[in-house]
Amino acid sequence: MEEYNRPSSYLDDPPNSRLFLVTSKSITEDIIRERFCPFGEIQDIWVVKDKQTKESKGVSFVKFAKSSQACNAMEEMHGKCVAEGTKPIKVFIAQSRSSGSHRDVEDEELTRIFVMIPKTFTEDDLKETFKTYGDIEYAIIIKNKSTGESKGLGYVRYHKPSQAAKAIENCDKTFRAILAEPRTKNASVDNDYFSNQRSDHAGNEPGLSVYPFGAESSSYTAGEGWNSEMITRCLMVSSRMPVVQEQIYSLFDLIPGMEYCEMQRDQYGFSKGQAMIRYSNLGSAVYAREKLNGFEYPPGNRLSVTFIDDGEDRTSPVGKMAMQLVAAQMMSMVWNGPSGAQLMKTSAGYATPSMPQKPRVQTDVVLPSHKKLASSDSVVKERLFVIFNPTPLPVDILEDVFCRFGSLVEVYLVPGRNVGYIKSCSLIHLKRSLTRGRELTDASPRLVKRLSDMTH
DNA sequence: CGACGGGACGC
DNA sequence: CGACGGGACGC
């Protein structure tokens with residue numbers, strides 16, 4: 001095959017050390033250098049320009065010496081405005097030149113490492129060893145299914161790409177840490193159930209008894225892909241940054257069916273950065289886990305959401321199928337509107353402060369707090385273009401949603417069309433998760449199909 | 001929407 | 001015997 005003996009900036013050597021930037025065309029190499037040099041050793045900056053006109057195409061590549069530097073720069077600079085009057089930049093790890101793909105490299109592919117470990121290692125050992133490089137979302141060991149013995153291989157999922165990169169760069173070589181290949185997407189049940197199923201009534205959940213959570217938070221198995229993991233009505237939410245119960249409550253209450261929410265506290269009453277959530281049914285819990293695990297709340301703080309044992313045995317194949325059915329029915333209820341969803345609400349909540357009512361907004365997108373509208377004569381700084389599918393939502397709903405992202409001036413729907421404009425007199429800060437990846441594309445089919453910044 | 005230049009490897 | 005090197009997730 002081909003051989004490459006070229007400077008490391010030619011290829012992505014080391015892997016994932018090169019950034020792909022999308023910027024306004026006026027952004028120059030000098031501006032990029034100035035804004036990106038704090039993150040590490042820049043080996044190359046290349047602003048792609050039109051061959052004839054020499055005008056920037058609004059695309060640049062920044063090569064760092066290390067992947068962790070590139071990842072950190074990405075995490076810090078994505079969505080930032082680097083020059084007065086220009087649009088926020090997008091920052092991704094560049095696809096390697098040999099791949100030929102131009103698909104965005106997702107955080108999902110950059111946060112999980114694959115390591116070789118002593119057979120004697122427990123998952124706690126694994127966690128302990130690798131937590132020095134960043135907060136671990138979960139650590140699992142591959143085991144022989146029948147004997148349960150370790151195969152000496154493990155996965156560690158971090159919250160941020162820079163943490164995984166640091167682990168790979170700095171951990172002992174004997175671990176042979178590399179980025180894990182994403183698990184083969186057997187796009188099967190997951191997407192099919194969540195996006196296509198439309199059944200019209202919810203099945204009745206078999207009544208659940210009590211909630212004997214494991215004595216400590218250790219009794220849960222963390223993992224990805226709900227179809228292959230323990231599924232329960234109970235979730236454990238972990239946060240690195242301090243969050244208060246009201247925040248967690250309002251977040252998880254966006255999914256109908258929450259009946260219990262409580263922060264975990266130590267014996268002195270200090271928060272352990274974890275909360276337990278219980279839903280009235282499996283579908284809600286599955287959906288909450290699917291949508292909120294890894295969500296940045298507040299921005300920059302990835303929440304970790306895992307199922308914890310609720311004492312039910314659902315290991316039989318029949319039980320699994322039943323769960324999938326329930327989950328599918330839950331999905332359709334959420335997406336078919338509030339009327340169905342309200343049926344799922346229970347009044348069983350306790351230890352839960354009463355929250356301001358948001359009667360009509362039903363979305364799985366996590367929203368910042370409600371803010372007052374700006375006066376209608378304010379100068380419009382930024383506009384969002386919103387495409388609805390299948391039809392626009394009521395203006396009052398849109399106001400309720402979009403006032404949270406900036407200083408909202410006006411929601412305008414183009415009469416007779418499925419599009420509208422959101423005007424704001426402040427910069428509208430859409431989180432990373434809303435401008436890339438599936439949070440936006442499949443989160444809320446009824447609400448926002450696509451957003452793009454348009455400055456006029 | 002928003003993706004690949006200039007210059008050079010080294011027994 | 002010990003060092004080396006190897007390496008993948010229940011659908």
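Note that the structure is predicted; figures quoted are calculated from it, not measured. Values below: every heavy atom of this structure, side chains too, minus hydrogens, waters and symmetry copies. Quick note on labels: first sequence line is chain A, next is B, and so on, each numbered from 1.
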Would you kindly check whether a donor in the side chain of A/R176 faces an acceptor in the base of C/dG5, or vice versa, at under 3.5 angstrom? no
Whole-Å distance, A/N144 CG to C/dC9 P, equals 12 Å
Length of the line joining A/L21:CG and B/dG2:P, which is rounded to integer Å: 14 Å
Could you state the atom-to-atom distance from NE2 of A/H102 to C1' of B/dG2 in whole Å? 9 Å
For DNA chain C, the residues among residues 22-31 of chain A that have a non-hydrogen atom under 4.0 Å from it: none
Nucleotide nearest A/M116 (side chain, heavy atoms from C-beta), chosen from C/dG7, C/dC9, B/dA3: C/dG7
Side-chain contact check for A/V59: nearest option of C/dC9, B/dC4, B/dG2 is B/dG2
Please figure out whether A/K57 or A/I45 has its closest DNA chain B nucleotide nearer the 5' end. A/K57
Within the 3.5 Å criterion, strictly below it, is a donor on A/S17 or A/K63 matched to an acceptor on the partner's side chain? yes
For A/T111 and A/K160, what are the C-alpha separation, side-chain angles and deciding distance, and is it a side chain to side chain donor-acceptor pair (under 3.5 Å)? CA-CA 6 Å; A/T111 48; A/K160 293 155 71 176; over 6 Å; no
Please state how far atom CD1 in A/I113 lies from atom P in C/dA8, giving the value in whole angstrom units. 16 Å
Would you say the side chains of A/N293 and A/E137 form a donor-acceptor pair under 3.5 Å? yes
Over how many whole Å does the gap from A/Q43 atom CD to B/dG5 atom C1' extend? 16 Å
Could you go through the side chain to side chain contact (heavy atoms under 4.5 Å, CB included) check for A/L292 and A/Y297 one step at a time? CA-CA 9 Å; A/L292 294 177; A/Y297 185 85; over 6 Å; no
Would you kindly give the CZ-to-C1' distance between A/R18 and B/dA3, to the nearest whole Å? 8 Å
Are the ring of A/F61 and the six-membered base ring of B/dA3 within the stacking cut-offs of under 5.5 Å and under 30°? no
Syn-anti status, with the boundary at 90° from 0, for the nucleotide B/dC1: syn
Go nucleotide by nucleotide along DNA chain C from the 5' end; which of A/K143 and A/A177 gets its closest nucleotide reached first? A/A177
Quick check for you: among B/dG5, C/dC9, B/dG2, whose closest atom lies nearest to any side-chain atom of A/D44? B/dG5
For the side chain of A/F114, counting heavy atoms from C-beta on, which of B/dG2, C/dG7, B/dC4 is nearest? C/dG7
Which of parallel (below 30°), tilted (30 to 60°) and perpendicular (above 60°) describes A/W46 and A/F61? parallel
Should A/V59 and A/L21 be marked as a side chain to side chain contact (heavy atoms under 4.5 Å, CB included) after you check the CA-CA gap, both sets of side-chain angles, and the distance that decides it? CA-CA 6 Å; A/V59 161; A/L21 313 195; over 6 Å; no
Rounded distance (Å) that lies between atom C1' of B/dG5 and atom NZ of A/K63: 16 Å
Return the orientation label for the A/Y421 and A/Y412 ring planes: parallel under 30°, perpendicular over 60°, tilted otherwise. parallel
At less than 3.5 Å, do the side-chain atoms of A/R103 and the base atoms of B/dG2 form a donor-acceptor pair? no
Nearest to side-chain heavy atoms of A/A94, which nucleotide of C/dA8, C/dG10, B/dA3: B/dA3
Can you measure A/E137 atom CD to C/dC9 atom P for me and round it to whole angstrom units? 20 Å
What's the base orientation of C/dC9: syn (chi within 90° of 0) or anti? anti
Selection from C/dC9, B/dG5, C/dA8 that lies nearest to any side-chain heavy atom of A/R112: C/dC9
With nearest nucleotide decided by heavy atoms, which residue, A/K145 or A/T174, maps closer to the 5′ end of DNA chain C? A/T174
Which of these nucleotides, B/dG5, B/dG2, C/dA8, is closest to any side-chain atom of A/W46? B/dG5
Looking only at side chains, do A/D124 and A/T122 share a donor and an acceptor under 3.5 Å apart? no
